[in-house]
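A quick write-up on the structure given underneath.
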Amino acid sequence: MTHLSSSDPPKELREVVKNIEFELESRLDTLALPENLLEAAKYAVMNGGKRVRPALSILCCEAVGGTIEQAMPAAVAVEFIHCFSLVHDDLPAIDNDDLRRGQPTLHIKSGEAMAVLAGDLLLPVAFSQLISETFTIKQQATLTKLLASATSDMVIGQVYDTLGGLPKHLNPQEQLEEIHRNKTGALIQCACEMGAICGGATEEQFNAISTFGRANGLLFQIVDDLIDLHGSTEHVGKATGKDEVAGKTTYPGTIGVEESKRAVQELQKQAESALSTLKSGAETLVSFNLWMAQRTR
Ligand code: GRG
């Protein structure tokens, strides 16, 4: 297994990330858009994200025997949705953040109206990536259904997190898990599942990747909670320490820091063992999963 630094993604992924960034930018460039809207959309997308979700689509596709080229339309689609959610999440009406990925947020740079509209644009642009000749009609339908459902879950999670409305029968820890699984976990699980579909996964392979994605998605948000608590704004590239001030429901706030770290370790192992039935090609995914558990930004 590759030795990993906790802040930088695995070395072997740098080339993959470069490919993803090339595709994200060139696909935006193909759109017939007014210059100001294109500039805003590019600012929202091409500003140094970690590209975790598209990397997962690609690695999961490879883990079931597919190629990076097969996964790319889904990888790009999921990143467009993610960037859309970040732009809207940062708006004054929601999280009211000035800094994202180490730079002024889009509404600070271009105004609120443009941030709303550029975010809106990325939604159809994301789905249109799935209409690709490289997929069968059945793959296109499955990918669309997966992405639509995960995007709805993300909105539901955001409502739970910011406006409430959680099912009353859940205890505090179950409520917390429900928020995290919807707000963040669903899109990460979907990124993994779409990768498997792009790679022509068998039902058994799909189920393994889906179980991996579910554990990895929850792990990602618990680590994010810990980073918000302990990370510096300079290192993380966005305001930290906000969850506590905003009274947000977080893992460390609910079960404590040590228990949260234990939950991350447990989920990392759960995710890894889900991959044990895959014959080969999952080594990089295993090492990426470990990096996600140890990341510091
Ligand atoms: C997109 C339809 C739609 C609606 C928006 C605002 C909203 C509804 C959802 C917000 C969901 C949200 C912001 C969840 C937080 C997820 C999270 C931990 C984001 C940070 O992800 P990273 O660390 O960011 O992968 P980078 O910058 O690396 O891409």
Side-chain angles (χ1 to χ4, degrees), residues 6-9 13 17 20-21 24 41 43-57 75-97 99-107 112 115-127 147-163 178-191 216-229 231 233 235-240 242-243 246 248-251 264 288 291-297:
S6 47
S7 31
D8 299 319
L13 269 186
V17 168
I20 293 165
E21 303 219 316
L24 287 167
Y43 189 83
V45 176
M46 305 307 303
N47 61 350
K50 293 183 290 298
R51 315 305 184 192
V52 162
R53 294 152 192 81
L56 282 169
S57 295
V76 169
V78 75
E79 186 67 6
F80 283 149
I81 295 285
H82 169 60
C83 294
F84 167 23
S85 79
L86 297 183
V87 169
H88 281 194
D89 188 53
D90 290 335
L91 287 169
I94 306 191
D95 263 8
N96 194 20
D97 273 311
L99 199 64
R100 167 73 63 187
R101 295 170 168 173
Q103 293 170 61
T105 44
L106 183 55
H107 67 272
E112 237 176 290
V116 170
L117 294 166
D120 287 346
L121 174 86
L122 292 174
L123 182 63
V125 171
F127 280 94
L147 190 61
S149 162
T151 306
S152 307
D153 288 346
M154 180 173 70
V155 177
I156 292 168
Q158 182 72 358
V159 168
Y160 286 156
D161 198 27
T162 55
L163 303 170
E178 185 71 7
I179 296 171
H180 282 29
R181 286 205 185 275
N182 280 283
K183 185 178 78 163
T184 310
L187 197 62
I188 287 183
Q189 183 174 352
C190 167
N216 180 270
L218 182 57
L219 170 163
F220 185 86
Q221 185 57 53
I222 302 176
V223 172
D224 206 72
D225 286 356
L226 288 164
I227 291 174
D228 182 81
L229 194 65
T233 299
H235 180 68
V236 182
K238 62 180 179 183
T240 51
K242 283 198 71 182
D243 291 343
K248 285 243 174 112
T249 313
T250 67
Y251 264 75
V264 168
F288 193 56
W291 170 76
M292 285 174 72
Q294 296 174 341
R295 74 190 173 95
T296 58
R297 66 174 135 210

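As the structure lists them, so they are numbered: ligands from 1, and atoms in each ligand from 1.
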**Prompt:** What about Arg53: any of its N or O atoms under 3.5 Å from an N or O on ligand 1?
**Reply:**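 Looking only at distances, the answer is yes, because the N/O contact criterion of under 3.5 Å is met.
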**Message:** Geometry only, no angles: is His82 polar-contacting ligand 1 at N/O separations under 3.5 Å?
**Reply:**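 Yes, at least one N or O pair falls under 3.5 Å.
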Considering heavy atoms of the protein only, find what lies nearest to [atom] and give residue, atom and distance to 0.1 Å.
atom                    : result
atom 4 (C) of ligand 1  : Val155 CG2, 3.6 Å
atom 19 (C) of ligand 1 : Leu86 CD2, 3.8 Å
atom 1 (C) of ligand 1  : Met154 CE, 3.2 Å
atom 18 (C) of ligand 1 : Gln221 OE1, 3.3 Å
atom 7 (C) of ligand 1  : Gln158 CG, 3.7 Å
atom 15 (C) of ligand 1 : Thr184 OG1, 3.9 Å
atom 3 (C) of ligand 1  : Phe84 CE2, 3.6 Å
atom 27 (O) of ligand 1 : Arg101 NE, 2.7 Å

**ligand 1 versus Thr151: contacting region, heavy-atom distance under 4.0 Å** =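 For Thr151, only side-chain atoms sit under 4.0 Å from ligand 1.
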**Message:** What verdict does the side-chain contact (heavy atoms from CB on, under 4.5 Å) test give for Leu24 and Glu79, after you've listed the backbone C-alpha separation in whole Å, the side-chain angles of each residue and the deciding distance to 0.1 Å?
**Reply:** CA-CA 8 Å; Leu24 287 167; Glu79 186 67 6; 3.9 Å; yes
**Request:** Supply the atom-to-atom distance Ile94 CD1 to Asp161 CG, rounded to the nearest 0.5 angstrom.
**Result:**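 So the gap between those two atoms works out to 10.5 Å.
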**Message:** Measuring from atom CG of Asn47 to atom CD of Gln103, what distance do you get when rounded to the nearest 0.5 angstrom?
**Reply:**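 So the gap between those two atoms works out to 5.5 Å.
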Is there side-chain contact between [X] and [Y], with at least one heavy-atom pair below 4.5 Å?
X      : Y      : value
Arg295 : Asp224 : yes
Phe80  : Leu121 : no
Asp228 : Thr250 : no

**Request:** For Asp224, take its heavy atoms, then give the atoms of ligand 1 lying under 4.0 Å from any of them.
**Result:**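 Atoms satisfying the 4.0 Å criterion: 18 (C).
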**Asked** Below 4.0 Å from any atom of ligand 1, is there a heavy atom belonging to Arg51?
**Response**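 Not so, Arg51 does not reach ligand 1.
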**Prompt:** How about His180 and Tyr251: are their ring centroids closer than 6.0 Å?
**Reply:**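 Centroid separation for His180 and Tyr251: below 6.0 Å.
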**Message:** My understanding is that only one of Val87, Asp89, Leu106, Asp95 makes a side chain to side chain contact (heavy atoms under 4.5 Å, CB included) with Arg100; could you say which?
**Reply:**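 Only one option passes, and that is Asp89.
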**Prompt:** side-chain contact (heavy atoms from CB on, under 4.5 Å) between Leu187 and Leu147: does it pass, once the steps are laid out?
**Reply:** CA-CA 8 Å; Leu187 197 62; Leu147 190 61; 4.1 Å; yes
